[in-house]
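Treat the numbers as computed from the prediction; the structure is a model and nothing was measured. If you read the sequence from its start, that first residue is 1, and numbering goes on from there. Atoms within each ligand, like the ligands themselves, are counted from 1 in listed order.
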Amino acid sequence: MATDLRVSLTDRCNLRCSYCMPAEGLDWLPGDDILTDDEVVRLIEVGVRHLGIREVRFTGGEPLVRRGLVDIVRRTKAIDPTLELSLTTNALGLARTAATLQAAGLDRVNVSLDTVRADTFRTITRRDRFHDVVEGLEAARDAGLVPVKINAVLLRGINDDQAPELLRWAIEHGYDLRFIEQMPLDAQHGWSRAEMVTADEIFGHLEREFVLTPVDEPRGSAPAELFQVDGGPATVGVIASVTRPFCGDCDRVRLTADGQVRNCLFAREESDLRAALRSGASDEELADRWVVAMRGKRPGHGIDDPSFLQPDRPMSAIGG
Ligand code: SAM
């Protein structure tokens, strides 16, 4: 059973990364459909008490734009102080909130940053906010939200030649860098298997400047393959969801901002906990629905199969 719950708190975002959202014109989920803070916390509690959830990662859209975030973190930690709480964020505004989030019970952050060049950042995200991300990263480290991890996506012809400089910068600043293969989850359906930058290419770029040695530890359910850089202690990770899928070891389950349980990023079916919750279901009934949703999990995401169909929801409305 899945023990790692990804909770999307909103589908809205203040960046417009080209591999995730179109430049303009993506409809938001209707406001009434979005779970209230109380509903989010109740469903997390059902997951913890009835389904063995041990880790909760808040995501989105951009979770920092959710007004009740600090309170949701505090109330989630109160369910069980041994829960591991993390946040996947673009770090805009994190400089102001990192210490408060840490005090509320947040343990770690994963910050998305694909380049350390301000002009490339603007090209990819369509916003001129590179320096805010850098400030957010520093604030996270200073607040003890460590290890601070950075997630990077490489795009052909845009930043695929920047992998070594991003790694060098991350190591210099004490952040753990992971490259993620681009997946078919963009709202505009622009992904192409032929265009995406593969893990093999990423290794090729990095190995021109660094010696990578596989970390000698069992990977477990971790999505990243980890490598020591130049003998360590620094490491770099590669999450090869497309070319080296790790579905058999996946321990994740997702709750969307509008209360749907998804057993896989690429699932084409969802289970509606919001409707059940709003029509008065007990915790046990909610847990039963959740278990049934998890039983339907397929053995693999099938991206490389000719019959693969991209899910209707884009990444921003699922929660990455
Ligand atoms: N706004 C937050 C952020 O930027 O981290 C959280 C949501 S974002 C959807 C979560 C992660 O998904 C980010 O690291 C982002 O780079 C990644 N992502 C989005 N679309 C992707 C795609 N098509 N392929 C791979 N990763 C993607």
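Protein heavy atom at the shortest distance from atom 18 (N) of ligand 1 is M315 CE, 3.6 Å. In this structure, the protein non-hydrogen atom closest to atom 8 (S) of ligand 1 is G60 O, 4.4 Å. Of all protein heavy atoms, the one closest to atom 2 (C) of ligand 1 is E62 OE1, 3.3 Å. Summary of contacts: the protein heavy atom closest to atom 23 (N) of ligand 1 is M183 O, 2.8 Å. Among protein heavy atoms, the minimum distance from atom 6 (C) of ligand 1 is reached at G61 O, 3.2 Å. Taking atom 10 (C) of ligand 1 as the reference point, the nearest protein heavy-atom neighbour is T88 CG2, 3.8 Å. In this structure, the protein non-hydrogen atom closest to atom 4 (O) of ligand 1 is S112 OG, 3.2 Å.
Of the charged side-chain nitrogens involved, none lies within less than 4.0 Å of a carboxylate oxygen, so that E55 and R252 do not count as a salt-bridged pair. We find that R122 and D119 are not joined by a salt bridge, their nearest charged nitrogen and carboxylate oxygen being 4.0 Å or further apart. Using a cutoff of 4.0 Å between basic side-chain nitrogens and carboxylate oxygens, D272 and R289 are not scored as salt-bridged. Ion pairing between R278 and E39 holds under the 4.0 Å rule for side-chain N and carboxylate O. The existence of a salt bridge linking R75 and E45 is excluded, since no basic side-chain nitrogen approaches an acidic carboxylate oxygen closer than 4.0 Å. By the 4.0 Å N-to-carboxylate-O rule, D258 lies close enough to R313 to be salt-bridged with it.
Looking at T89 against ligand 1, only its backbone comes within 4.0 Å, counting heavy atoms. Only the side chain of V153 comes within 4.0 Å of ligand 1, judged by heavy-atom distances. Within the 4.0 Å heavy-atom criterion, the part of T59 lying near ligand 1 is the side chain and not the backbone.
Residue C20 places no N or O, backbone or side chain, under 3.5 Å from any N or O of ligand 1. Looking at ligand 1, you'll find an N or O of Y19 within less than 3.5 Å of one of its N or O atoms.
Ring planes of F203 and F227: perpendicular class, angle over 60° (limits at 30 and 60°).
Residue pairs meeting the ring pair (Phe, Tyr, Trp, His ring centres under 6.0 Å) criterion with at least one member in residues 292-320, sequence neighbours excluded: F266-H301, F266-F308.
Atoms of ligand 1 found under 4.0 Å from any heavy atom of N90 (numbered from 1 in listed order, with element): 2 (C), 3 (C), 4 (O), 5 (O). Each of the atoms 24 (N), 25 (C) of ligand 1 lies under 4.0 Å from some heavy atom of Q182.
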Salt bridge (Lys or Arg N to Asp or Glu O under 4.0 Å) evaluation trace for R156 with E201: CA-CA 10 Å; R156 194 170 301 288; E201 289 177 79; 2.9 Å; yes
